[in-house]
Amino acid sequence: MKLVRFGEKEKERPGVWMGDGRILDVRSLAFHIEDYNEHFFANYGLEQLRVLLDDPGAQYVSAEGVRLGTPIARPSKIICVGANYADHAKEFGHDIPQEPILFSKASTAMNGPNDPIVLPDGAEVVDSEAELAVVIGKKASKVRAADALDYVAGYTVLNDVTERVVQKSNGQWFRGKGFDSFCPIGPFLVTAEEIPEIDNLRVWQRYNGDMLQDGNTADMMFKIPFLVTYISQGITLLPGDIISTGTPHGIGSVRDPQVLMQPGGVVELGVDGVGEQRSNVL
Ligand code: MG
């Protein structure tokens, strides 16, 4: 299944992307499914959706021209992994990390997959980073690696937009990666069973039509089961939480000449089989 949230910003409704030009309007049948939030995932929401798909009374809306929001309502945490692809770590002059570098993005930075990315006042060096993100499906604490994927509801695409000058000068990455609109997510939450080979997915980005990133999740150093285990040893993951797994090499700011996000630019990025985004830069 591909879960979407559709409609006006902050008034999105939960839906299922049918792939035939229609979106199942979940609330037309299930008033109690308020949104794709912690409560939804914790209370067998995905199982309920599967039943709705077979309901003859299901109502649909046309997908054409509909705005999509992030496929998950505001989660308790957006945890990101830095320098998780060796070639990307090298292009930034990082040592290869011995343990995952974790940071977080502000939930208010969340942006629909095709919403504009609005550069903050004074922005100088802004990059987009195409990433595969994991959505947690049930409360996870001290999870063993062998069980880790049982805690994953599915996958989505996340753009870890970053203002490098602020990132580097602040000592902490939170502000440079946390500006409003700096976290486009979606378009879909693709449920886990639809992606059997999570370790072999192309991750790519184009800026103004030129290919910047063309990597593969096969090159991720810390894999998803390890990340869920590592984080959950001391930090409880809640249903709906997002773990963004890092970006491959090819980032614009470390190219020669640099390719920087500027007003009027267009970012397209995606993970094959999971989805793609297209954002105008304002
Ligand atoms: Mg990143």
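When a ligand or atom number is given, it counts from 1 through the structure's own listing order.
For the residue pair N159/S128, the side-chain donor-acceptor check at 3.5 Å is satisfied. Side-chain N/O atoms of D127 and T162 include no donor and acceptor closer than 3.5 Å.
The hydrophobic cluster analysis finds V51 isolated: no Ile, Leu, Val, Met, Phe, Trp or Tyr side chain comes under 4.5 Å of it, directly or through other members.
Between R67 and D115 there is a salt bridge, since at least one side-chain N of the basic residue sits less than 4.0 Å from a carboxylate O of the acidic one. Note on R164 versus E129: salt bridge recorded, some NZ/NE/NH1/NH2 to OD/OE distance being below 4.0 Å.
Of all protein atoms, those of element N, O or S that lie under 2.8 Å from the Mg ion (ligand 1) number 3.
In this pair, F40 and Y36 present their aromatic rings tilted. The plane angle is within the 30 to 60° band.
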